[in-house]
Structure formats: structure tokens, C-alpha cells
Enquirer: 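My questions will all concern the structure given below.
Since the structure is predicted, the reported quantities are computational estimates derived from the model, not experimental observations. Because only heavy atoms are used, hydrogens play no part in the values below, and waters and symmetry mates are left out as well, while side chains stay in. Positions are given from 1, in the same order as the sequence printed here.
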Amino acid sequence: MISLEGGTAINYEIRYMLMLLAAIINQKPVQLLRRHVSWEKILKISDYQNVVNIVYLGILGIEKVISEECETQFYQSYRRVLLLRGEYKNAEEVIMWQLEKHGIDALFLSDTAIEKRYPKPEMAYIEQIEILVENKNLPQIHRLMRDMDYEQKEDRIGNGILYERVPGIRVIFYSELPVKNKTFKQWFLVPIKKYRRIGDYKFIHTLSKEEEYLYRIGKIVELYLAGALKIRGIMDFRQYRESLNEEFRQKEVKDILEKLKWQEFAEQLNILSELWFGENVRQEYGLALELEEFVLFRRQENNQLDKALLPEEKARLDFYLRNREEEWATKRREWAFPPREYMQQFFPILEKYHFLLLLCWMIRWLRFGKQICARKWRAAWLRISVRFLDMKEKMKRLAQERRGGTDEEAPQAAERKTGTEGDGDVEEFED
């Protein structure tokens, strides 16, 4: 566990916030404050890192100097997480029911089960539900989500189709795994219907323990590459790891991580999670401290760290699709025409043939263009397919009306539940 007397080179507020998180997760007494902290700053950081609900639980029983406005904002953020937790449960249940009803095989990559990994359910934070389906089912799924009042949004990090609904429910459908590593995809190259089924469902599937472990590592790798890795992601991974039992095939997972060249990344991830939330303090942390700085201060570039943690992902670090609006506004020329020294990392031939720099620039532009065009074509295909299904449904209804009535009842929209289980007086958001 991090000590307030020294340790990592991070400011006092962040260090104290991490100690609060560790104390609450491990059900230990919270260390008393020894000097003034800015609770407004802790609120801002914890909200960004998706841990504000745990921080709020930690500050309930300690003496503190905090403004009434800041304490109210803490409570509202905590209550919002509670309400969303219940809404996510209801949304997940309805979506499963709809997919089962229409015979659509779906693999739930992430769900609401994360709350079972924490000592108390209210410590969990559900950011979104991720579902893998076959590409042919996307138009039908789009119509189902539209009928349930979901609105399609842009997924900036992954390559899925994002749907959102008030009060903030996020559901992402993928037609291929959101982890781009080719070796990783080959290991998961199994038809969806072959995965383990959930309960009595025939078409709803889930991952095994080993598959979920690898998928969680893969998603953290993607977040790292996109510069979007947060404390909550590392915390959730640790809680899942702690829940594994003897049935978990550790050697098989270790062999796959070695093939992926991710073993160092996984090791440093484990070390960092123990530094923050564990009780067995180590003397040397090495790369884990650099990874900590990357997570806490949102650093975008650290070539030495990238090379040490993910030596095989160098090319993807450059070509990963992420939000580059600020970078494009300030460094358009540098980004579009990188210097030869930078391009040599991806095109070693430039070291000997400098005159090929222009050709390498063009190849780089084509790679970006291919990814952008693929996204636009996919969105256009989805719109056309949905329109075709709508026209087909209208023609079917017209044919039924001409025959003097419908042969079967029209499907009714699933009634959405409101409120959360066990939240008592929590009924609606406050601004």
C-alpha cells in the first residue's frame, strides 16, 4: 500500500485518494489526514478515474474540512453510480431477452457481474455493456435497439457500434473482437454459438475464466495504446484476478501471454495494482512506477515504456485510431509528415534508402485512409440494411392488411424497469 510519507512521486491529493481506495476495498480503517487536502481536486480526479463512488464511501467516516458544495457533488456522483447500476441490470435483462427471442447468438464480453467482485456492490462501476455478435445480425439489432429508445453514437476508441439511452446507459455491439492483435484474435477464432451458454438461454453466451482473463488484459492493452487507461480499469482487473480459484488454468494463460509478448505488460500491471491496493509492499517497482505516471497524468508518449511493456505493438501505437482533434489542430504538419527518424521505426528500409520517405508517407496515409473508409462503409451498409428491413416489414404489414388482418400479434416493446434494487429512496437524478 502507498505510504503518505514517501514512495511514488505523485502529489498528496492523488496519494491520499489511492489510500482511501485501498482502505475501502480491503475493508481497513481509513488513515487520518495529517495536513490539508483539496477535496475539490480529489473530486475532479476521482470522477475522471471512475472511482468517485468508492472515495465517497471512504470520506464518510473521517474528519475533514470540506465545503458543503463539494460534499453535495460527491453525494450526487455517488448516487448517480448507484442509479446507473440498477438501470444497467434492467437494460441487460431486456437486451438478453430480446436477443434470445429473435434467435441472435450473442457473446457478452462485459456485463454487470463486476459488482460481485467487490466487498459491496455499490463499490462497482459499470461503464458499458459489450456484446459480440455476427455481422449479419447488426441490422436487426439496430432495429431492436432503436425500438428500445437507444440512440446510435460514435465509438471513438473501439470499432463497435455504440448505443446510448437516458440516463446514460451505454451498450456496444461488436462484429469482431475489439482487441486488434492478430495472435489474440486467432485464439478467440471460435463461432459465437460454441461459447458457454448462460443459464437456460440458448443464444446468450459468456466467456470462460481463462477467456475473460485474457480479454480483460487485451482491453487494458487497447486502452493503454489509446492513452485512455484509468485507475478503475486496473482496479477491476485486480478484483477479477483475486476472484480466480484453483480451477483457473494459469499455465495455459501464461503461455498465450508469452506468444502475444504481453507477459511484461501483465506483470507490471499486477505489480502496480498491488502497489495501489495490496498490502505486501515491495522495495523495487521499476516499470510499474512509469506505468503509474502514465495512468495518473495521462501522458501520451513514452517510447521507452512502450518498448519495454509491449515490444510487438509499436506499429499499432502509431496507427491506432483515437481522438486526435487537439493534436491535429496544433501539430497538423508534424503529424501528417513525420521526420525520417520517426518513420524509420515502422519502415526500416529508410535507414538505407532515404529517398523513399515520400513513398512511406503515402503508405502511412493509405493505412489511415483504409481504416476511415472501412468505418464509413460499415456505417453506410448498416443504414441501407436497416432501411431494407423497414421496407420489408412495411410490405409484410400491407400484405397482412389486404388479407383482412394480422396472423400474429405485433411484438410489444419491452417495458423498462425504473429505480434500482435496494436503493430505497433513489428515484431520479438531480442536476
Enquirer: Below 4.5 Å, heavy atoms only, C-beta onward: do Leu83 and Arg79 meet side chain to side chain?
Expert: no
Enquirer: Take atom NZ in Lys116; do more than 12 heavy atoms of anything else shown fall under 6.0 Å from it?
Expert: no
Enquirer: Within this structure, what is the OH-CZ distance for the pair Tyr195 and Phe188, rounded to the nearest 0.5 Å?
Expert: 6.0 Å
Enquirer: Is there a donor-acceptor contact under 3.5 Å from the side chain of Arg197 to the main chain of His205?
Expert: no
Enquirer: Are any of the side-chain nitrogens in Glu176 or Lys185 under 4.0 Å away from the carboxylate oxygens of its partner?
Expert: yes
Enquirer: Using atom types as modelled and distance alone, determine if a side-chain donor or acceptor of Tyr88 lies under 3.5 Å from a backbone N or O of Asp111.
Expert: no
Enquirer: Mind listing the closest non-hydrogen atom pair of Ile169 and Ala91 along with its distance?
Expert: CG2-CB, 4.0 Å
Enquirer: What orientation do Tyr224 and Phe265 show, parallel under 30°, tilted 30 to 60°, or perpendicular over 60°?
Expert: perpendicular
Enquirer: What do the steps show when you test Tyr215 against Ile220 for side-chain contact (heavy atoms from CB on, under 4.5 Å), and what is the final call?
Expert: CA-CA 9 Å; Tyr215 179 71; Ile220 292 177; over 6 Å; no
Enquirer: Mark yes or no for whether Asn137, through its side chain, and Val133, through its backbone, hold a donor-acceptor pair below 3.5 Å.
Expert: no
Enquirer: Under the side-chain hydrogen bond (donor to acceptor under 3.5 Å, both in side chains) rule, what do Ser208 and Glu211 come out as? Steps first, then yes or no, please.
Expert: CA-CA 5 Å; Ser208 67; Glu211 291 164 345; 3.2 Å; yes
Enquirer: Looking only at non-hydrogen atoms, find the nearest pair between Leu177 and Leu132 and report the distance.
Expert: N-CD1, 4.0 Å
Enquirer: Could you walk me through whether Glu222 and Lys180 pass salt bridge (Lys or Arg N to Asp or Glu O under 4.0 Å), step by step?
Expert: CA-CA 8 Å; Glu222 295 298 318; Lys180 304 297 182 68; 5.6 Å; no
Enquirer: On a heavy-atom basis, which atom in Ala23 and which in Pro29 lie closest, and how many Å separate them?
Expert: CB-O, 3.9 Å
Enquirer: More than 12 heavy atoms of other residues, nucleotides or ligands under 6.0 Å from CD of Glu258: yes or no?
Expert: yes
Enquirer: May I ask you to decide whether Lys259 forms a salt bridge with Asp255, counting only side-chain N to carboxylate O separations under 4.0 Å?
Expert: no
Enquirer: Are Gln98 and Ile141 close enough that some pair of their side-chain heavy atoms sits under 4.5 Å apart?
Expert: no
Enquirer: Let me confirm one number: the CG-CG distance from Leu225 to Asn181, rounded to the nearest 0.5 Å.
Expert: 9.5 Å
Enquirer: Is the charged tip of Lys153 near the ring of Tyr163: under 6.0 Å from the six-membered ring centre and within 45° of its axis?
Expert: no
Enquirer: Tell me, with the steps shown, if Met148 and Val94 meet side-chain contact (heavy atoms from CB on, under 4.5 Å).
Expert: CA-CA 9 Å; Met148 290 189 289; Val94 173; 3.5 Å; yes
Enquirer: Does Lys64 NZ have over 12 foreign heavy atoms under 6.0 Å away?
Expert: yes
Enquirer: Closer than 4.0 angstrom, basic N to acidic O: yes or no for Glu274 and Arg241?
Expert: yes
Enquirer: For the CZ atom of Arg15 and the CH2 atom of Trp276, what is their distance to the nearest 0.5 Å?
Expert: 13.5 Å
Enquirer: Under 6.0 Å from the ring centre and within 45 degrees of the ring axis: does the NZ or CZ of Arg216 meet both conditions for the six-membered ring of Tyr240?
Expert: yes
Enquirer: Are Val30 and Ile24 packed together at the side-chain level, in the sense that at least one heavy-atom pair is separated by less than 4.5 angstrom?
Expert: yes
Enquirer: Looking at Glu290 and Leu305, would you say the former's side chain and the latter's main chain have a donor-acceptor pair under 3.5 Å?
Expert: no
Enquirer: Treating Glu40 as the side-chain partner and Cys70 as the backbone partner, does any N or O pair qualify as donor plus acceptor under 3.5 Å?
Expert: no
Enquirer: Working to the nearest 0.5 angstrom, can you tell me the gap between Ile234 CD1 and Leu269 CG?
Expert: 5.5 Å
Enquirer: More than 12 heavy atoms of other residues, nucleotides or ligands under 6.0 Å from NZ of Lys261: is that the case?
Expert: no
Enquirer: Under a 3.5 Å cutoff, is there a donor and acceptor pairing between the side chains of Asn53 and Arg85?
Expert: no
Enquirer: Hey, are Arg117 and Glu242 close enough for a salt bridge, meaning a charged N less than 4.0 Å from a carboxylate O?
Expert: no
Enquirer: Hey, are the side chains of Glu87 and Pro167 touching, using non-hydrogen atoms and a 4.5 Å cut-off?
Expert: yes
Enquirer: With side-chain contact (heavy atoms from CB on, under 4.5 Å) as the criterion, how do Leu257 and Leu214 come out once you've worked through the C-alpha distance, each side chain's angles and the decisive distance to 0.1 Å?
Expert: CA-CA 8 Å; Leu257 289 176; Leu214 288 170; 3.9 Å; yes
Enquirer: Please check: side-chain N/O of Glu100 versus main-chain N/O of Phe203, any donor-acceptor pairing under 3.5 Å?
Expert: yes
Enquirer: How close do Lys209 and Phe248 get, counting heavy atoms only, and between which atoms?
Expert: O-CE1, 3.8 Å
Enquirer: Looking at Arg165 and Glu151, is there a salt bridge between them, counting it only when a charged N and a carboxylate O are closer than 4.0 Å?
Expert: no
Enquirer: Check for a donor-acceptor pair, side chain of Glu210 on one end and backbone N or O of Arg249 on the other, with a separation under 3.5 Å.
Expert: yes
Enquirer: When you look at Tyr174 and Asn135, which way does the side-chain hydrogen bond (donor to acceptor under 3.5 Å, both in side chains) test go after all the steps?
Expert: CA-CA 8 Å; Tyr174 298 107; Asn135 193 62; over 6 Å; no
Enquirer: To the nearest 0.5 Å, how far apart are CD in Gln76 and OH in Tyr56?
Expert: 9.5 Å
Enquirer: Any salt bridge between Glu130 and Lys219, counting N to O under 4.0 Å?
Expert: yes
Enquirer: Using the rule given for side-chain hydrogen bond (donor to acceptor under 3.5 Å, both in side chains), can you reason through Glu267 versus Gln263, listing the C-alpha separation, both sets of side-chain angles and the distance that settles it, and then say yes or no?
Expert: CA-CA 6 Å; Glu267 175 65 18; Gln263 67 273 27; over 6 Å; no
Enquirer: After noting the C-alpha distance and the side-chain angles of Leu291 and Leu309, does the key distance pass the side-chain contact (heavy atoms from CB on, under 4.5 Å) rule?
Expert: CA-CA 9 Å; Leu291 180 60; Leu309 295 182; 4.2 Å; yes
Enquirer: Relative to each other, are the rings of Tyr213 and Phe237 parallel, tilted or perpendicular (30° and 60° limits)?
Expert: tilted
Enquirer: Is there a side-chain contact between Ile231 and Leu18 in this structure, where contact means two heavy atoms from C-beta onward sitting under 4.5 Å apart?
Expert: yes
Enquirer: For the side chain of Glu92 and the backbone of Ile129, is there at least one donor-acceptor N/O pair under 3.5 Å apart?
Expert: no
Enquirer: Is any side-chain heavy atom of Val55 closer than 4.5 Å to one of Ile59?
Expert: yes
Enquirer: Donor-acceptor check, side chain of Asp47 to backbone of Leu43, threshold 3.5 angstrom: yes or no?
Expert: no
Enquirer: Does CD belonging to Gln27 count more than 12 external heavy atoms closer than 6.0 Å?
Expert: yes
Enquirer: Do Ile271 and Gln268 make a side-chain contact, defined as non-hydrogen atoms from C-beta onward lying under 4.5 Å apart?
Expert: yes
Enquirer: Give the minimum heavy-atom separation between Leu229 and Val295, together with the two atoms involved.
Expert: O-CG1, 3.7 Å
Enquirer: Got a second to check how far Ile217's CD1 is from Leu260's CG, nearest 0.5 Å?
Expert: 10.0 Å
Enquirer: Classify the ring geometry of Tyr75 against Tyr78: parallel below 30°, tilted from 30° to 60°, perpendicular beyond 60°.
Expert: tilted
Enquirer: Report yes if the side chains of Gln152 and Leu162 come closer than 4.5 Å at any heavy-atom pair, otherwise no.
Expert: no
Enquirer: Test side-chain hydrogen bond (donor to acceptor under 3.5 Å, both in side chains) on Ser38 and Glu13; report intermediate values, then the result.
Expert: CA-CA 7 Å; Ser38 170; Glu13 280 78 11; 5.1 Å; no
